[in-house]
Number of protein chains: 2
Amino acid sequence: MRGGDAGGLRAFNERRVIDAVLRAGALSKAEVARATGLSGQSASVIVERLVEQGLLAKGDKVRGRGQPSTPVSVAGSGAFSLGVKIGRRSVEARLIDLTGETVAERATRLEAPLPGPVMEAATGQARELLEAMSPAHRARLCGVGLALPGEMDAWADELGAPKAALAGWRAVDPGAMLAAATGAEVSVFNDAAAACAAEMLTGEALEAGCALYVHVGAFIGAGVVLDGRLYRGARLNAGALGSMPLAGRVPGAKGRQLIHAASGVGLARRLRAAGIDVTRAMAGLGGAEADAQFADWLAGAAPALARAVVSAMAVIDFEAVAIDGVLPPAWRLRLLDATHEAVLRFDRTGLSPAELREGTIGGEARVLGAALLPLQARFSPEPDLLINRRRARAAAGPTALDPAPGFEAPSPHLDRWRS
Amino acid sequence: MRGGDAGGLRAFNERRVIDAVLRAGALSKAEVARATGLSGQSASVIVERLVEQGLLAKGDKVRGRGQPSTPVSVAGSGAFSLGVKIGRRSVEARLIDLTGETVAERATRLEAPLPGPVMEAATGQARELLEAMSPAHRARLCGVGLALPGEMDAWADELGAPKAALAGWRAVDPGAMLAAATGAEVSVFNDAAAACAAEMLTGEALEAGCALYVHVGAFIGAGVVLDGRLYRGARLNAGALGSMPLAGRVPGAKGRQLIHAASGVGLARRLRAAGIDVTRAMAGLGGAEADAQFADWLAGAAPALARAVVSAMAVIDFEAVAIDGVLPPAWRLRLLDATHEAVLRFDRTGLSPAELREGTIGGEARVLGAALLPLQARFSPEPDLLINRRRARAAAGPTALDPAPGFEAPSPHLDRWRS
DNA sequence: GATTAAATCAACCGATCTGATTTATTTGTT
DNA sequence: AACAAATAAATCAGATCGGTTGATTTAATC
């Protein structure tokens with residue numbers, strides 16, 4: 001419930017203040033007042049309280065005309081968040097602080113995406129990271145974000161995995177298991193949506209308020225950003241771009257959905273069939289032979305992806321489309337260019353133009369997004385509102401950040417942390 | 001801005017109260033308190049103020065156990081809204097009151113969608129309707145909604161209209177002209193989006209919080225509802241379904257976009273070519289020959305529309321898809337069924353299921369939506385939040401103020417297309 | 001007469017606002 | 001170099017507004 005009574009009003013304005021500070025990087029109390037429209041007095045009271053709570057930190061005085069101002073910025077150790085990413089080929093976990101900096105991380109590669117080993121890895125990593133935190137810091141964990149594919153058991157044949165083994169996922173509730181293992185609140189996101197959030201928040205590709213972020217991982221998916229807010233979908237299944245129907249048969253594809261023409265496993269299958277080391281190739285070290293295989297894959301993938309992008313534009317008038325994923329940067333760029341070229345061959349009458357851009361984060365976007373999203377939910381004035389911190393910080397110039405000693409001020413407002 | 005200071009808090013809670021009353025049809029003060037979470041005292045004060053403002057009206061006391069309660073419901077004459085719809089074949093205007101009842105309306109058929117005559121008709125109709133209002137009522141006009149196609153000058157060849165004449169639209173700002181003519185605030189919507197809002201608010205087809213509403217008019221477009229909110233798009237161009245790429249050539253279609261395979265003008269062209277009176281046919285009086293032409297059109301239109309629907313589902317996991325438009329009900333139903341059948345032939349792995357339903361309003365949905373949207377913007381706790389009044393009213397049972405125009409039995413098409 | 005629940009009354013609280021005041025610095029003048 | 005004026009942040013004190021709490025009244029049924 002937003003607003004309602006005095007307490008809700010205060011909570012709302014606190015978020016607006018944090019939001020303003022995050023956007024600007026650092027603001028004096030007077031600037032906070034101007035940025036939020038609050039009176040100077042209220043801004044002062046709220047800032048003071050947030051400093052006491054350890055969420056904001058005062059920097060060195062800045063002298064100008066008149067009384068020097070004391071800038072405040074977000075305190076790194078004011079809050080922490082844990083992100084866990086479950087994929088079909090790996091499990092990762094990452095602990096970040098309020099500024100988005102990585103505190104610690106873990107990663108495990110998988111042979112097959114079977115429920116048992118995967119969940120063991122995920123819960124194990126999460127527990128390890130949490131146990132390494134000081135108690136004071138652990139008390140400031142504001143949530144756990146879990147990013148995973150929409151359906152772990154779909155497209156088993158595409159994976160080359162036994163269908164029966166994957167069916168075990170239907171009986172598993174990864175969110176609940178992670179919650180049980182960590183004792184923290186877990187929010188679940190589609191993996192591509194999480195990656196999308198990371199690109200919005202810390203990447204450079206998406207400045208638009210309305211964007212489609214395509215992520216090529218083992219499969220292919222997308223995140224949808226509308227009015228600066230991540231749209232997760234009524235059933236967390238927005239951006240299921242892999243299910244987009246193809247126009248017809250694509251050579252080498254087993255089915256009639258985008259995933260059969262443009263996915264990481266499809267590319268890997270080709271590489272493996274040609275006797276190429278997939279891991280090396282995906283690290284950009286495959287050489288000419290890998291490039292040739294990639295070009296083959298690209299010839300089918302790019303037009304199919306282009307059709308998907310154009311189709312998506314007919315549903316939502318995205319201002320920007322980013323393409324990212326686990327591909328090595330050189331290949332990612334070629335995919336972007338080829339897709340762009342293919343998009344231009346479509347009749348786009350009636351569609352608003354969109355900018356096609358290369359993602360800037362890559363495969364790690366998913367864990368990072370999983371970690372960032374609980375922070376957003378806790379501190380942004382609107383749930384799902386994505387504010388780019390890096391860009392905002394850069395614009396504001398470097399500031400004195402985070403003195404942040406042991407806080408632990410048992411202020412009455414700290415227990416509003418849960419709400 | 002939402003919240004902020006005491007005044008904002010009051011405004012927000014007032015909207016919540018109106019929202020609660022609209023949803024329930026009629027509520028006592030105590031029920032308002034329970035529905036909103038406000039204290040009884042606040043609910044009482046707010047309701048009393050809204051009654052004083054003429055937005056709510058007290059009904060007859062209801063006796064039960066304890067002190068009789070006085071139900072309040074929204075007062076029809078508490079606010080008015082004017083909707084104007086500009087189309088390629090007609091211009092319509094409609095004045096409605098706060099309950100959504102039509103007060104007065106106008107309509108003009110057009111020969112060709114040329115800027116001059118169209119805008120003259122639109123501003124003329126609007127002025128007429130406003131001048132017929134009493135001064136007291138006119139003071140309660142809360143806005144003018146304008147629904148029009150995204151690009152009046154696109155697809156000129158499909159219309160059989162001279163391209164040069166249509167290009168005149170680029171120099172025209174219909175919203176500004178209407179604002180100048182009426183002196184009221186004008187909000188502009190895509191025509192399909194407006195129709196979508198009407199279906200959400202007063203229709204029966206869309207109960208889901210997340211839906212796609214396809215409207216077949218002269219061309220074809222769609223409205224997008226996300227989390228109960230109408231999504232207009234960053235450039236008001238969400239749901240540009242007509243631009244969805246086709247899989248290949250469709251017999252009889254001139255181009256490679258959905259609009260070339262499934263549009264009202266395409267159907268009309270066929271009918272005319274067969275020597276059939278289009279107006280009669282569109283009124284459902286075309287006879288067997290018209291039916292045969294329709295079947296031909298349908299054979300190309302339905303699969304193309306099905307592909308568009310499946311593609312849309314891969315972008316947003318719509319829970320429901322409605323198909324509506326200017327077609328006579330029998331044809332609309334056939335379009336729905338044929339589309340449904342075609343959808344089932346697609347591989348839908350990885351997509352969440354959606355319910356495919358028939359729209360319940362038809363061609364007038366666009367004006368109605370244009371009229372309803374300013375009311376929503378003014379009285380709903382969140383902008384763009386769509387609350388179905390009719391359904392809510394029905395659920396609450398008949399109330400003192402409910403004019404209860406015997407609306408039709410529900411049970412529209414209830415097909416689930418899931419494997 | 002007891003019970004029930006709506007409606008109301010009166011005192012209080014919390015968050016923000018307004019307007020005046022203080023403070024520390026730069027700028028301009030003598 | 002010394003001093004006054006200008007500037008703008010920060011703060012203080014009182015007022016306002018909206019919502020809450022808890023007790024009280026009212027009008028019906030059981």
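These numbers were taken from a predicted model, which means no experiment stands behind them. First the proteins, then the strands, lettered A, B, ... as listed; each starts at 1.
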Could you walk me through whether A:E14 and A:V17 pass the side-chain contact (heavy atoms from CB on, under 4.5 Å) test, one step at a time? CA-CA 5 Å; A:E14 275 179 357; A:V17 168; 5.7 Å; no
Expressed as a whole number of angstroms, how long is the span from A:R49:CZ to C:dT16:C1'? 13 Å
Length of the CZ-P vector between A:R10 and D:dG18, whole Å: 19 Å
Rounding to a whole Å, what distance do you find between A:E14:CD and C:dA15:C1'? 11 Å
Are any of A:N13's side-chain N or O atoms less than 4.0 Å away from OP1 or OP2 of C:dA15? no
Criterion side chain to side chain contact (heavy atoms under 4.5 Å, CB included) against A:R16, the qualifying member of A:I46, A:T36, A:V32: A:T36
For B:E185, I'd like to know if atom CD has over 12 heavy atoms of other residues, nucleotides or ligands within 6.0 Å. no
Quick one, A:L95 with A:L141, criterion side-chain contact (heavy atoms from CB on, under 4.5 Å). Give me CA distance, side-chain angles, the key distance, then yes/no. CA-CA 10 Å; A:L95 184 69; A:L141 184 77; 4.2 Å; yes
Evaluation steps, side-chain contact (heavy atoms from CB on, under 4.5 Å), between B:T70 and B:S28: CA-CA 5 Å; B:T70 307; B:S28 68; over 6 Å; no
With a 4.0 Å cutoff (strictly under), does any side-chain N or O of A:K29 reach OP1 or OP2 of D:dA8? no
Could you tell me how far apart B:L9 (CG) and C:dA15 (P) are, to the nearest whole angstrom? 12 Å
A:S44 side-chain N/O to D:dT11 phosphate OP1/OP2 under 4.0 Å: yes
What integer distance in Å separates A:F12:CZ from D:dG18:C1'? 17 Å
Decide yes or no for B:V225 and B:C210: does some side-chain heavy atom of the first lie under 4.5 Å from some side-chain heavy atom of the second? no
Each nucleotide of nucleotides 20-30 of chain D classed B (base within 4.0 Å of a protein heavy atom), S (only sugar-phosphate) or -, in 5' to 3' order, makes BB----BBBSS
